[in-house]
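Here is the structure we will look at.
Proteins get letters first, then strands, A, B, ... in listed order; numbering begins at 1 in each. For clarity, every value in this text was computed on a predicted model and none was experimentally measured.
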There are 2 protein chains.
Amino acid sequence: MNDATAPRPRMTKQRAAVLDALDQGGFRSAQSWHDLLRHDGSNIGLATVYRTLQALSESGDVDSVVTEGGETLYRRCETPEVHHHHLRCRVCGAAEDIDIPDLEEVSARIGAEHGFIELEHVVELTGVCSSCAAKAQH
Amino acid sequence: MNDATAPRPRMTKQRAAVLDALDQGGFRSAQSWHDLLRHDGSNIGLATVYRTLQALSESGDVDSVVTEGGETLYRRCETPEVHHHHLRCRVCGAAEDIDIPDLEEVSARIGAEHGFIELEHVVELTGVCSSCAAKAQH
DNA sequence: GTCATAATGAGAATCATTGTCAATTGCGGT
DNA sequence: ACCGCAATTGACAATGATTCTCATTATGAC
Ligand SMILES: [Zn+2]
Ligand SMILES: [Zn+2]
Ligand SMILES: [Zn+2]
Ligand SMILES: [Zn+2]
């Protein structure tokens, strides 16, 4: 069930830099994280940022969501061990981990009713946060 | 709240062809619908298929979902007037309209609790349907 | 039929993401 | 500390879905 083929990741300075940058919090695209890293003096390559974020995403250390525009956003996840969902502001990108009661059970039940197995679900709540809403008032 | 700037779409033969093709049912990518149309003798352009499907999607006449690979899939929606969700087979693409009890209210409540407005949600259930699961058994 | 203009199609352009591959480097073994 | 080599990196090419451009065509109101 778990991977005996687990390749332990090397601690390179680029990996460390990404990990460090992620501490700033917030959802950003791979390119945005890359920009941020370069502005901080790193000469890390874009492909490396992509690779590192993907690796971290697969290992469950970062969350990823997809915007309407098809961009994938990443951020360090505070609670890697628990499956959860997000409420994200479409304007400023601020996001919070949320719990949607019964969702897991309900989706499992619906899947079962239709004879589906290996159920997965994608749930994303988006909106405009109060501070962005305030700014929008001219 | 509604659009006084509603441009009524012209009934061109390509729009009719797309509408006709959609009757075959099922989720397909724009490119896939385009292939299908060409195989049926149409000389419709790919860009037109994209434009038409997007227009139909915005007017609520077709559903669209995004695959893991980032492709957008479209299909004629049976129940355009009601907001609903889908349970889709990741193997064969078969999909059914489903109802997730209380989801609308729960998401609205969660949004409100966090001070968010203009809430929207994306919910997609995927799995492997019974017939695909059967085939998977060697 | 005329006409304004929405719609089309071929191909170029975008843009996020992935692949290539030679050069580099972490790190286990010595 | 020193080797050796596979994992990792970075510059850049390549991809692949989607969008844009613009000259040409065709819809629908009058
Ligand atoms: Zn999270
Ligand atoms: Zn905001
Ligand atoms: Zn539907
Ligand atoms: Zn199936």
Basic-acidic side-chain contact under 4.0 Å: [X], [Y]:
X: A:D99; Y: B:R109; value: no
X: B:R76; Y: B:D23; value: yes
X: A:D20; Y: A:K13; value: no

Problem - Linked hydrophobic residues, B:L19 as query - side chain contacts closer than 4.5 Å - result: B:M11, B:V18, B:L22, B:W33, B:L36, B:L37, B:I44, B:V49, B:L53, B:L56, B:V62, B:Y74

Completion exercise
Joining Ile, Leu, Val, Met, Phe, Trp and Tyr whenever any side-chain heavy atoms lie under 4.5 Å apart, the cluster holding A:L46 also takes in A:Y50

What is the distance, to the nearest angstrom, from the [atom1] atom on [X] to the [atom2] atom on [N]?
X: B:L37; N: C:dT8; atom1: CG; atom2: C1'; answer: 14 Å
X: A:L53; N: C:dA16; atom1: CG; atom2: P; answer: 15 Å
X: A:H34; N: D:dC12; atom1: NE2; atom2: P; answer: 12 Å
X: B:Q54; N: D:dT18; atom1: CD; atom2: P; answer: 9 Å
X: A:L73; N: C:dC15; atom1: CG; atom2: C1'; answer: 15 Å
X: B:R15; N: D:dT27; atom1: CZ; atom2: P; answer: 13 Å
X: B:L46; N: C:dA13; atom1: CG; atom2: C1'; answer: 14 Å
X: B:I44; N: D:dA26; atom1: CD1; atom2: C1'; answer: 14 Å

Enumerate, atom names and distances included, each donor-acceptor pair closer than 3.5 Å involving a side-chain atom of residues 122-132 of chain A, sequence neighbours excluded.
{"from": "A:E124", "atom 1": "OE1", "to": "A:R88", "atom 2": "NH2", "distance (Å)": "3.3"}
{"from": "A:T126", "atom 1": "OG1", "to": "A:R90", "atom 2": "NH1", "distance (Å)": "2.9"}

Practice task
Let me have a per-nucleotide readout for nucleotides 19-30 of chain C, 5' to 3', with B, S or -, counting only protein heavy atoms under 4.0 Å.
Solution key: BB----BBS---

Problem - Degree of bending, the helix from C:dG1-D:dC30 to C:dT30-D:dA1 (end axes from five pairs; round to 10°) - result: 50°

Practice task
Check the pair B:H84 / B:C77 against side-chain contact (heavy atoms from CB on, under 4.5 Å), numbers first and verdict last.
Solution key: CA-CA 10 Å; B:H84 58 275; B:C77 181; 3.3 Å; yes

Problem - Under 4.0 angstrom between A:Y50 side-chain N/O and C:dT17 OP1 or OP2 - result: yes

Problem - N or O in side chain of A:T72 less than 4.0 angstrom from C:dT17 OP1/OP2 - result: yes

Handout entry: Any donor-acceptor N or O pair under 3.5 Å, side chains B:H85, B:D97
Key = no

Exercise for the section: Any salt bridge (Lys or Arg N to Asp or Glu O under 4.0 Å) involving residues 31-47 of chain A? Give me the pairs, sequence neighbours left out, ordered by first then second residue. Expected result: none

